[in-house]
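Before any comments, here is the structure.
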Amino acid sequence: MIVVDSDKLIACPICEATNIDKSNRNICRRCGSKIYHHRNSPTEKSWAYLITAIIAYIPANIYPMMVINQFGSKSGSTILEGVIELWEHGDYPISIVILIASIFVPITKFLMLIYLLVSVKYPIGNDKKVNRFTVYYFTEIIGPWSMVDVFVVGILAGLVHLSSVQIIAGTASTAFAVSVFFTLLAAHSFDTKLIRGR
Amino acid sequence: MKIELEDENDLDHYIICHKCHTVQEEIAISDGSKALCSMCKMPLYRYDTRLVEHGLALSITGLIFIVLANLFPLIKIEILGTESYITIISMISSLIGSGYYLVALFLLYLIVIFPVMIFSLYILLFALLKLKRAEELAKNILILLAQIEPWQMSDIFLVSILVSIVKLFGMATIHIGISFWTLFVFVLIDIYMTRSIHLGELWVLKKEIYSKKAEKLKNDTPISNTKKGVSS
C-alpha cells in the first residue's frame, strides 16, 4: 500500500502516464523514458534555446524576407515592410495573418517563456491568479504557427521564377526558421513540474 | 489530496490533464463518448471499442492522401502567357538551388518526411495491435510517435498556401492543383485523428491487448484453469 500526495504526481512527457515524482532522476514506469533529467539548473537548457531563438529573431527582422526581381529591378522587403505593403494594397486579412504569425506569435512566445522561466526560479511573478500551466499550454499551441511566413516564402520562391518576375527567398527566411525551431525546442525542454514549485 | 494505491501500476487509473495539470481519476464511460477534465473541460480520453479498426482505416487513408499530395502540382500560375507550377518536392529543390539549405531541410522534414513517417508508423502500430504481436516494437513506435508528432506542420503549410494564393491574386492567374485538394483532405484527416485518437489511449489499449494475450496463454496451460476476474 502506497499513499501519495496528488502534488507528487507527474505526467510523463512522452506517454502521458502518471508517475510518482521521486527525485530529479525519474524514469517513466510505462515507457521507460527519462522525465526531464537535469543536474543542477533545471531551466538551463530552456534558457539556452530561448536565447538562441531571440538572437536569431533579430536578423530575421532586419534582413529582407523576400526579394522581388521585377524586370531587372530588385526590391527586398523585411517582415514588417511586407505587412505594411500588404496593408496599403488593401489585403487586410492577409496582412493581419502575417502580422500575427510572424510578429505577435514569436514575441508572445518569447515573453511567455521568459515569464515562465523567471517565475519558476524567483518569487516575482509567482502570482496565484495566473494559471501558469495554461500559459505553457498556449505557448505549445501557438508555437508552430509562426512558420507560416517561412512556408509562404518557400512557396512563392518556388513558384514565381518567370522571365519577367522572380521571387527569391531572403536571408531572413533562414534566420526566422532557425528562430522558430529554437523556440519550439525551448518550449519542449521546459519542465512543467517546476511550475508547482519543486 | 492523498491518493491510496495498491502498487505503482494503479496510477493507470489516474490521469494528469494536459492543459491544467490537475490529477483526475479515471471513470468508466460509454462507448463512443469522451471524458473531460473536471477543471478545464479539456478532453482527457475517449472510449471506443473499435479503436484499432478506426485508427487503421484513418491512417491508411491519410497516408494515401499525403503521398498523392507530394506527387502532383500544388498551384499553377500564369503571368503574361508564361506558366509555372510547383509541387512540394520542386519547391524544396528550388530552395536548395538558391542556396537555402537550412530552410529546405526544415521544409523537407516538417511537411514531407514527418507526416509520411507518422502515418506509416500509425499503420504499422495499428496492424501490430490488431495482430496482437511484437509488444516491444509497438512500445517503441508509440515513443517515437510522441516525439515526432509536435513537428508535423501540414496544417500550417495549408494555411501558408492560402496566404500565398491571396498574395499572388493581383499578379497572376492562379490555378489550384490536385495536390492542394489532397493536402486539404489530408489535413482534415490529420485533425480528426489528433482529436479522436490520443496517444495515452493507445498506451492503455496496448496494455489491455497484450495483457489479455498473456492471460490467455496462461489460462491455456492446464494448471490454472480457474477463471479470473478481469478488471479493465
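Numbers restart at 1 for each chain; the letters A, B, ... are given by sequence-line order, proteins then strands.
Contact annotation for B/E149: neither backbone nor side-chain heavy atoms come within less than 4.5 Å of a heavy atom of chain A. Interface residue B/L168: only side-chain heavy atoms are found under 4.5 Å from chain A. Using a 4.5 Å cut-off between heavy atoms, B/I143 touches chain A through backbone and side chain atoms alike. Contact annotation for B/I88: neither backbone nor side-chain heavy atoms come within less than 4.5 Å of a heavy atom of chain A. Contact annotation for B/K19: both backbone and side-chain heavy atoms come within less than 4.5 Å of a heavy atom of chain A. Contacts between B/I15 and chain A at a heavy-atom distance below 4.5 Å involve the backbone alone (N, CA, C, O). Within the 4.5 angstrom heavy-atom criterion, no atom of B/S90 approaches chain A.
For B/W181, the CH2 atom sits in a loose shell: 12 or fewer heavy atoms of surrounding residues, nucleotides or ligands are nearer than 6.0 Å. Within a 6.0 Å sphere centred on CZ of B/F184, heavy atoms belonging to other residues, nucleotides or ligands number 12 at most. The number of heavy atoms from other shown groups lying within 6.0 Å of CD (A/E44) does not exceed 12.
In this structure, B/S164 contributes its side chain and A/I155 its backbone to no donor-acceptor pair below 3.5 Å.
Within the structure, the side chain to side chain donor-acceptor pair (under 3.5 Å) test picks out the following pairs touching residues 183-192 of chain B (sequence neighbours left out): B/Q152-B/D190.
Comparing A/A169, A/A101, A/G158, A/S173 by heavy-atom pairs within less than 4.5 Å of chain B, the highest count is held by A/A169. Counting heavy-atom pairs closer than 4.5 Å to chain A, the top-ranked of the candidates B/Y101, B/Y85, B/Y100 is B/Y100. If you tally non-hydrogen atom pairs under 4.5 Å between each of A/T134, A/L156, A/V153 and chain B, the highest count goes to A/L156. Here B/S160 is the residue among B/S94, B/S93, B/A146, B/S160 with the most heavy-atom pairs under 4.5 Å with chain A.
Within residues 137-144 of chain A, the residues approaching chain B closer than 4.5 Å by heavy atoms are, in numerical order, A/Y137, A/E140, A/P144.
Taking each heavy atom of A/T18 and B/Y14 in turn, the nearest pair found is OG1-O, 2.6 Å. Taking both residues in full, the closest heavy atoms of A/M147 and B/M153 are given as CG-SD, 3.5 Å, listed atom of the first, atom of the second, then distance. Taking every heavy atom of both residues into account, B/I75 and A/L159 meet most closely at O-CD1, 3.6 Å.
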Could you walk me through whether A/H188 and B/W151 pass the side-chain contact (heavy atoms from CB on, under 4.5 Å) test, one step at a time?
CA-CA 11 Å; A/H188 283 304; B/W151 297 99; 3.9 Å; yes
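Checking each of A/V97, A/I94, A/V152 against B/V166 for a side-chain contact (heavy atoms from CB on, under 4.5 Å) leaves exactly one that passes, namely A/I94.
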